[in-house]
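To start, the structure under review is shown below, and the notes come after it.
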Number of protein chains: 2
Amino acid sequence: MPDFVSDKHLFHNPVEFAMSKIGGMYKMPILWRLKDKTWRYSELAHNIPHISDRMLSKSLKELLNDGFISKEIFPEVPLRTEYTITERGNKAVTIITALRNYGFELMNDFGIKEK
Amino acid sequence: MPDFVSDKHLFHNPVEFAMSKIGGMYKMPILWRLKDKTWRYSELAHNIPHISDRMLSKSLKELLNDGFISKEIFPEVPLRTEYTITERGNKAVTIITALRNYGFELMNDFGIKEK
DNA sequence: CAGTATCCTCCTAGATACTG
DNA sequence: CAGTATCTAGGAGGATACTG
């Protein structure tokens, strides 16, 4: 697996590339919530623990630019925007599900009990 | 999914926990190489692109402490150490394989051609 | 409501040098 | 050969304030 460049950034393997697209603190939590319904900005903001407006808007923008989600703006008063997962996003959810299941296994393996 | 603490570090979801164990730049590349045979330190050092001694030794130590690999020291001259994957490491390889396949799909999806 | 702009902190990884 | 120690840089994410 040789190095390759995408979007002016150097990658060494496919996992690194995938993580550059759906990694970080909040992208998976966002995609996970969008997997079976449309959410509006404020719903995500209130539902994802600890997320700030800065990180939410930054993450949404990147997921949007990379085609994992789509956005619809309703020019009402007050303003409403809705985020929906795309086909590319749905494929991501498959691996997120696997990662999540593995994470639970590992937590159990390490004796961490969830409520 | 409530927050939880492990090893004095705060986590928000199972994916974050999994990534704290097998994430970072080099842990997956190491586990990937150990999946079907034992490697010695210098073989890993020469085979994993761009890795420094510092990062190799640091990553190996953490994988060892977390039970993903085991280590055997042969007190010969010159010194020889061999690293072998454990059952826990093999489970990790399953998800790494899935992530890797997803990464290849995504690269293809984004028009990145590998050689 | 749905964001953006600025500034700042911490942590991962790189560079370099050294050792049993 | 198989590492460890020290120092540094870059980038992800936090805090806070502001806006169409």
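- Between A:Met25 and B:Glu43, the residue whose closest nucleotide on DNA chain D is further toward the 5' end is B:Glu43.
- Relative to the ring axis of A:Tyr83, A:Arg33 does not place its NZ or CZ within 45° and under 6.0 Å from the centre.
- Under 4.0 angstrom from either OP1 or OP2 of D:dA12 there lies no side-chain N or O belonging to A:Lys27.
- Panel note: side chain B:Thr86, backbone B:Gly67; a donor-acceptor pair is recorded below 3.5 Å.
- Checking the phosphate oxygens (OP1, OP2) of D:dG3, a side-chain nitrogen or oxygen of B:Thr81 falls inside 4.0 Å.
- Note: OH (A:Tyr41) to C1' (D:dT19) measures 13 Å, nearest angstrom.
- Rounded to whole Å, atom C1' of C:dA15 lies 15 Å from atom NE2 of B:His50.
- The CG atom of A:Leu60 sits 11 Å away from the P atom of C:dA2 (whole-angstrom rounding).
- Remark: the A:Arg54 side chain and the D:dG13 base include a donor-acceptor N/O pair separated by less than 3.5 Å.
- Remark: A:Arg88 qualifies as a cation-pi partner of B:Phe110 under the 6.0 Å distance and 45° angle criteria applied to the six-membered ring.
- Positionally, the nearest nucleotide of DNA chain D for B:Ser57 lies more toward the 5' end than for the other of A:Tyr26 and B:Ser57.
- When distances run from any side-chain atom of A:Leu79 to the nucleotides D:dA2, D:dG3, C:dA2, the shortest one goes to C:dA2.
- Seen from the ring of B:Tyr41, B:Lys71 does not count as a face-on cation partner, given the 6.0 Å and 45° thresholds.
- Considering only side-chain N and O atoms, B:Lys58 lies nowhere under 4.0 angstrom from the phosphate OP1 or OP2 of C:dC11.
- In this structure, B:Thr84 contributes its side chain and B:Ser70 its backbone to no donor-acceptor pair below 3.5 Å.
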Dot-bracket for DNA chain C: what is it, with Watson-Crick or G-U pairs under 3.5 Å, [ ] where a pair crosses earlier ones, and | for a pair to another strand? ||||||||||||||||||||

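- Using a 4.0 Å cut-off between charged nitrogen and carboxylate oxygen, B:Glu62 and B:Lys27 count as a salt-bridge pair.
- Residues A:His46 and A:His12 both approach DNA chain C. Their nearest nucleotides, taken by heavy-atom distance, put A:His46 toward the 5′ side.
- In this structure, CG of B:Leu44 is placed 14 Å from P of D:dC1, rounded to the nearest angstrom.
- Taking atom CG of A:Asp53 as the reference point, atom P of D:dA17 lies 14 Å away to the nearest angstrom.
- Counting non-hydrogen atoms under 4.0 angstrom, A:Tyr83 reaches the backbone sugars and phosphates but no base.
- In this structure, CD of A:Glu62 is placed 14 Å from P of C:dG3, rounded to the nearest angstrom.
- Of the possible polar contacts, none joining the A:Asp7 side chain to the A:His9 backbone as a donor-acceptor pair under 3.5 Å is found.
- Atom CD1 in B:Ile69 sits about 14 Å away from atom C1' in D:dA2, given to the nearest Å.
- In this structure, the NZ atom of A:Lys61 is 16 Å from the P atom of D:dG13, given to the nearest Å.
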